[in-house]
There are 2 protein chains.
Amino acid sequence: MGIIRKTKHFQKVLDQFSKQENAISANYLVSHFNDEMNKSTIYRILDKLEDDNIIHSFVGVHGLKWYAKCLDCTVKEHNDNHPHFQCEKCNEVQCISQTNNESKIIDAQFLVKSVFLTGICNRCFSTC
Amino acid sequence: MGIIRKTKHFQKVLDQFSKQENAISANYLVSHFNDEMNKSTIYRILDKLEDDNIIHSFVGVHGLKWYAKCLDCTVKEHNDNHPHFQCEKCNEVQCISQTNNESKIIDAQFLVKSVFLTGICNRCFSTC
DNA sequence: CGCATTATCGCAACTAAGTTGCAATAATAC
DNA sequence: GTATTATTGCAACTTAGTTGCGATAATGCG
């Protein structure tokens, strides 16, 4: 089990995920909480939140680690494998609601656990 | 234009992609050519090969940079967006032939340029 | 072929993200 | 209120990838 004590720092990091539907990079949190908490604290809290299946992690286009809220996961089982989409222009990462279409693609070849898409988001596409 | 002179080093790196269907990590090449060439040389050659649309790059599960051969790309246009699959157990990355199924998933929401899947590959699945 | 030009290379030093060990601090249980 | 121990801050580290610069070698031309 990851989280044991409910500290102020833990609460602050968790709050970020409550008021934000999309994914958040570890890096963003480090600079956002720059003068409130140490970066190792943030990384450790993220580890523990992931341990408890409250958030899940993946790697974005520039090799940075991103975290997003788990939707239907319990402490025991992580079963929220919704796809993520990162825009190459604005770098924002969006969670895509599961459609079950993806599993078809690869069928017998592999057991797919996560889907990561990149491209241009609506907003950036319409402003260029 | 990336590649201008056909040096021995350039040829050696390119050979790796000729005799290998799947993706190769920059990191692998650095240790593979450890006593033959400097790592900055390798990174620079990879940059140039990508510039010329001979290979394309993406980031794998651990944030490492991977490269795979471009199939139907010209120097002017990169149009090979085949999906990649990385196994979480053996870390191997496979190129998946384009099926055009993926574009359906997200349709009007985004312009998808790349698809990256993770999970368990056939070989690892059958040996556990 | 020989030479000048300049792309490429090796080296060392750097950057940035993320990790780790340890002593100090603070949350919890009794 | 105090003891226990999880959490935190700090500094030092690791690892992938980048950069500047002088040395080397590929190419083009006479």
Side-chain angles (χ1 to χ4, degrees), chain A residues 1-17 23-52 54-68 75 84 86 88 91-93 116, chain B residues 1-17 23-52 54-68 75 84 86 88 91-93 116:
Chain A
M1 198 172 63
I3 296 293
I4 305 213
R5 293 181 181 177
K6 300 202 169 174
T7 67
K8 281 178 188 171
H9 286 158
F10 154 76
Q11 199 55 53
K12 277 186 179 180
V13 172
L14 193 58
D15 282 352
Q16 292 293 311
F17 289 96
I24 305 175
S25 72
N27 214 32
Y28 165 81
L29 292 173
V30 168
S31 52
H32 185 253
F33 288 124
N34 187 34
D35 40 10
E36 288 178 75
M37 55 183 111
N38 193 270
K39 65 174 176 171
S40 48
T41 302
I42 295 172
Y43 283 111
R44 283 190 276 231
I45 289 173
L46 291 171
D47 277 354
K48 286 171 189 165
L49 286 171
E50 188 171 21
D51 236 49
D52 285 350
I54 295 169
I55 58 177
H56 58 272
S57 71
F58 55 96
V59 169
V61 285
H62 300 299
L64 295 193
K65 211 164 180 188
W66 289 76
Y67 290 87
V75 176
H84 300 100
Q86 182 164 21
E88 289 169 2
N91 283 324
E92 223 167 86
V93 175
F116 181 71
Chain B
M1 197 173 64
I3 295 294
I4 305 214
R5 293 183 180 176
K6 300 203 169 173
T7 65
K8 280 178 190 172
H9 286 157
F10 155 75
Q11 200 54 54
K12 277 186 179 179
V13 171
L14 193 58
D15 282 353
Q16 292 292 311
F17 289 96
I24 305 176
S25 71
N27 213 32
Y28 165 80
L29 291 174
V30 169
S31 53
H32 184 252
F33 287 124
N34 188 32
D35 41 9
E36 287 178 77
M37 55 183 112
N38 193 270
K39 66 174 175 171
S40 50
T41 302
I42 295 172
Y43 283 111
R44 283 191 275 232
I45 289 173
L46 290 171
D47 277 353
K48 286 171 189 164
L49 285 171
E50 188 171 21
D51 236 47
D52 285 350
I54 295 169
I55 57 177
H56 57 271
S57 71
F58 56 94
V59 168
V61 286
H62 300 299
L64 294 193
K65 211 164 181 189
W66 288 76
Y67 291 87
V75 177
H84 300 100
Q86 182 165 19
E88 289 169 0
N91 284 323
E92 222 167 85
V93 175
F116 181 72

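Within every chain, numbering begins at 1; the chains are lettered A, B, ... in the order of the sequence lines, protein sequences first and strands thereafter.
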>> For a quick test of reading the model, state the closest non-hydrogen atom pair linking A:V93 to A:F58 and the distance between them.
In response: CG1-CZ, 3.6 Å
> Can you name the nearest heavy-atom pair linking A:Q86 to A:G60, along with the distance?
Replying inline: OE1-CA, 3.2 Å
> Closer than 4.0 Å, any side-chain N/O of A:Y43 to the OP1 or OP2 of C:dG18?
Replying inline: yes
>> So, using side chain to side chain donor-acceptor pair (under 3.5 Å) as the criterion, who are the partners of B:H84 when residues are at least two apart?
In response: B:H56, B:H82
> How large an angle, rounded to 10°, do the end axes of the helix from C:dC1-D:dG30 to C:dC30-D:dG1 enclose when each is built from five base pairs?
Replying inline: 30°
Within this structure, what is the [atom1]-[atom2] distance for the pair [X] and [Y], rounded to the nearest 0.5 Å?
X	Y	atom1	atom2	result
A:D47	A:D52	CG	CG	11.0 Å
B:S57	B:L49	OG	CG	11.5 Å
A:F17	A:Y67	CZ	OH	8.0 Å
B:I54	B:F10	CD1	CZ	5.5 Å

> So, A:N38 side chain and A:S40 main chain: donor-acceptor pair closer than 3.5 Å or not?
Replying inline: yes
> For the pair made of NZ in A:K65 and P in C:dG18, what is the distance, rounded to whole Å?
Replying inline: 8 Å
> Looking at residues at least two apart in the chain, or sitting in another chain, which of them share a side chain to side chain contact (heavy atoms under 4.5 Å, CB included) with A:K48?
Replying inline: A:I3
> Reading nucleotides 4-11 of chain C from the 5' end, what letters show protein touch, with B for base, S for backbone sugar-phosphate only, - for no heavy atom under 4.0 Å?
Replying inline: --BBSSBB
Indicate every side-chain donor-acceptor pair of residues 23-37 of chain B with a distance under 3.5 Å to a residue at least two apart or in another chain.
| unit_1 | atom_1 | unit_2 | atom_2 | d |
| --- | --- | --- | --- | --- |
| B:S25 | OG | B:Y28 | N | 3.0 |
| B:S31 | OG | B:N27 | O | 3.3 |
| B:S31 | OG | B:Y28 | O | 3.2 |
| B:E36 | OE1 | B:K12 | NZ | 2.3 |

> First contact, last contact: which nucleotides of DNA chain D are these for chain A, 5' to 3', heavy-atom distance under 4.0 Å?
Replying inline: D:dT5 to D:dC10
